[in-house]
Number of protein chains: 2
Amino acid sequence: MFSKATEYALRAVIFIAQKSSEQQKLGLAEIADAIHSPQFFTAKILQKLTLHNQVISSVRGPNGGFYITDAAKQKSVKSIVEVMGEGELFDKCVLGLNRCSEKNPCPMHDQYKPIREDFVSLFDHQTIEEMAQEMNSGSFFIRNE
Amino acid sequence: MFSKATEYALRAVIFIAQKSSEQQKLGLAEIADAIHSPQFFTAKILQKLTLHNQVISSVRGPNGGFYITDAAKQKSVKSIVEVMGEGELFDKCVLGLNRCSEKNPCPMHDQYKPIREDFVSLFDHQTIEEMAQEMNSGSFFIRNE
DNA sequence: ATAATAAAGGATAATATTGTCCTTTATTAT
DNA sequence: ATAATAAAGGACAATATTATCCTTTATTAT
């Protein structure tokens with residue numbers, strides 16, 4: 001489904017949203033450890049998410065680290081996927097056809113369309129904050145083993 | 001979603017199911033042209049699908065080529081994905097967690113589960129023959145450009 | 001039997017993705 | 001101001017995926 005990079009991105013952002021604040025920033029090592037992702041690869045991903053403060057924010061130096069603003073927490077989970085450059089998936093033909101559309105459909109189109117719409121709707125409506133709140137309940141996890 | 005290899009596989013099998021029979025086999029060049037896929041890469045994919053006649057069948061030599069039996073046409077579209085080695089997608093966690101389950105869910109699990117179930121159900125119930133019949137109606141296409 | 005044909009299979013190349021390391025830059029505390 | 005810290009960014013390595021080519025094997029028609 002998603003690339004590893006995007007999987008790490010989603011998990012990292014959920015963790016940051018759960019644990020960080022502008023006062024309480026998180027370091028790379030801590031984040032990579034929490035979601036069990038390769039540290040330096042994760043650094044690249046966080047860099048991408050930080051660019052123009054699209055999703056998360058960061059400050060360098062002592063007591064620096066990554067955090068997310070309350071405003072950004074209202075963004076959708078879909079927006080994380082989009083910043084990672086995989087938004088194409090949300091409207092891609094399941095058979096990989098460039099020109100597949102309502103008017104010019106592949107033989108899976110009509111059946112796949114409602115499923116894809118549900119999928120898009122989930123990612124579009126679910127906010128980062130909602131994910132973080134679920135995490136706070138203690139009955140969900142994001143660490144791989 | 002799927003790899004290019006699997007996309008080509010799905011389109012190739014649909015085309016073979018639509019146009020071939022044990023009497024009327026299709027050559028590699030014809031297939032690759034029909035779905036507009038790289039010919040030699042497609043050869044590798046057809047090889048995989050032909051192994052043990054899992055999905056399609058083939059004969060070498062003059063008047064040889066690829067075809068599909070009536071029995072195989074009753075197989076699901078999901079089985080094509082599985083032979084291509086991507087069946088994992090049908091029960092994979094959307095955040096890429098190995099241990100994600102009902103008892104031990106990721107924060108997307110509960111919401112994603114019904115969508116994934118619909119997705120699996122579509123691929124599991126849709127047969128190759130049904131796809132081929134849709135193609136025969138003339139209002140669907142599988143050629144990329 | 002022989003030649004022609006078409007898939008099977010092996011080897012290799014090109015590209016993309018994933019992962020690591022090292023230097024630079026910004027920030028903070030002293 | 002200086003030193004320490006932590007992210008940013010560049011370079012590179014490892015692996016996986018995609019794609020191509022060449023030889024071998026099976027099959028058919030002559």
Side-chain angles (χ1 to χ4, degrees), chain A residues 1-13 16 20 22-33 35-68 81 83-86 88-89 96 144, chain B residues 1-13 16 20 22-33 35-68 81 83-86 88-89 96 144:
Chain A
M1 171 86 52
F2 297 124
S3 67
K4 296 228 175 204
T6 295
E7 288 175 358
Y8 297 150
L10 290 166
R11 308 213 314 263
V13 172
I16 293 167
S20 85
E22 210 152 341
Q23 291 75 40
Q24 192 64 36
K25 302 181 198 79
L26 303 172
L28 169 64
E30 193 179 354
I31 295 165
D33 184 68
I35 66 173
H36 201 255
S37 63
Q39 182 166 349
F40 297 111
F41 189 45
T42 306
K44 296 295 181 194
I45 292 160
L46 295 179
Q47 241 177 82
K48 205 172 206 172
L49 296 167
T50 302
L51 196 66
H52 312 304
N53 295 323
Q54 283 181 103
V55 181
I56 57 174
S57 304
S58 70
V59 283
R60 306 193 217 192
N63 299 319
F66 299 90
Y67 66 99
I68 186 167
V81 178
V83 169
M84 290 303 295
E86 272 178 83
E88 187 201 44
L89 183 77
N144 214 4
Chain B
M1 171 84 53
F2 297 124
S3 66
K4 295 224 177 208
T6 295
E7 289 175 357
Y8 297 149
L10 291 166
R11 309 216 311 266
V13 171
I16 293 167
S20 85
E22 209 152 342
Q23 290 75 40
Q24 192 65 36
K25 303 181 199 79
L26 303 172
L28 170 62
E30 191 179 355
I31 295 165
D33 184 68
I35 66 172
H36 201 255
S37 62
Q39 182 167 352
F40 296 112
F41 189 44
T42 306
K44 296 296 182 192
I45 292 161
L46 295 179
Q47 239 175 82
K48 205 173 206 173
L49 295 167
T50 302
L51 195 67
H52 312 306
N53 296 321
Q54 283 181 103
V55 181
I56 56 174
S57 304
S58 70
V59 284
R60 306 192 216 192
N63 300 319
F66 298 92
Y67 67 97
I68 186 166
V81 178
V83 169
M84 289 304 294
E86 271 178 84
E88 188 200 44
L89 182 78
N144 214 6

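In what follows, chains are A, B, ... by sequence order, proteins preceding strands, each numbered from 1.
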* **NZ-CD1 distance between A/Lys25 and A/Ile31, expressed to the nearest 0.5 angstrom** =>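 Rounded to the nearest 0.5 Å, the NZ-CD1 separation comes to 12.5 Å.
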* Asked: Heavy atoms, side chains only, cut-off 4.5 Å: are B/Ile16 and B/Leu46 in contact?
  ->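 Side chain of B/Ile16 against side chain of B/Leu46, heavy atoms only: contact under 4.5 Å found.
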* Do side-chain atoms of A/Glu86 reach the backbone of A/Ser3 as a donor and acceptor pair under 3.5 angstrom? -> yes
* Asked: What is the nucleic acid contact for B/Ile45, judged by heavy atoms within less than 4.0 Å: base, sugar-phosphate only, or nothing?
  ->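 The answer is nothing, as B/Ile45 stays clear of every strand by at least 4.0 Å.
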* Structure fact -> Heavy-atom nearest pair, A/Leu89 first then A/Phe2, reads CD2-CE2, 3.5 Å
* **Spacing of A/Lys4 atom NZ relative to C/dA16 atom C1', expressed in whole Å** => 15 Å
* Within the structure, does a side-chain N or O atom of A/Gln47 lie under 4.0 Å from either OP1 or OP2 of D/dG9? -> yes
* Using atom CG of B/Leu46 as one end and atom P of C/dG9 as the other, report the distance to the nearest whole Å. => 13 Å
* Write down the atom of A/Gln54, the atom of A/Lys48, and the distance for their closest heavy-atom approach. => NE2-O, 4.1 Å
* Asked: Can you list, by residue number, the residues of residues 55-68 of chain B that have a non-hydrogen atom closer than 4.0 angstrom to DNA chain D?
  -> B/Arg60, B/Gly61, B/Pro62, B/Asn63
* To do: Of all the heavy-atom pairs spanning A/Ser20 and A/Tyr67, show the shortest one and how long it is.
  =>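 Taking every non-hydrogen atom into account, OG-CA, 3.3 Å.
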* To do: Find the distance A/Lys44:NZ to C/dT18:P and express it as a whole number of Å.
  =>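 So the two atoms are 15 Å apart, to the nearest Å.
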* **Nearest-Å distance for atom pair CZ/P, residues B/Phe41 and C/dA14** =>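 So the two atoms are 16 Å apart, to the nearest Å.
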* Nucleotide pairing, DNA chain C (Watson-Crick or G-U, distances under 3.5 Å), in dot-bracket with [ ] and | -> ||||||||||||||||||||||||||||||
* To do: Over all heavy atoms of both residues, which pair between B/Ile56 and B/Val13 is shortest? Give the atoms and the distance, please.
  =>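 Taking every non-hydrogen atom into account, CG2-CG2, 4.3 Å.
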* Could you tell me whether B/Leu28 contacts a base, only the sugar-phosphate backbone, or nothing, with contacts defined as non-hydrogen atoms closer than 4.0 Å? => sugar-phosphate
* Would you say a side-chain N or O of A/Tyr8 is under 4.0 Å from OP1 or OP2 of C/dG19? ->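 Yes, A/Tyr8 has a side-chain N/O under 4.0 Å of OP1/OP2 on C/dG19.
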* Structure fact -> Rounded to whole Å, CZ of A/Phe40 lies from P of C/dT18 at a distance of 18 Å
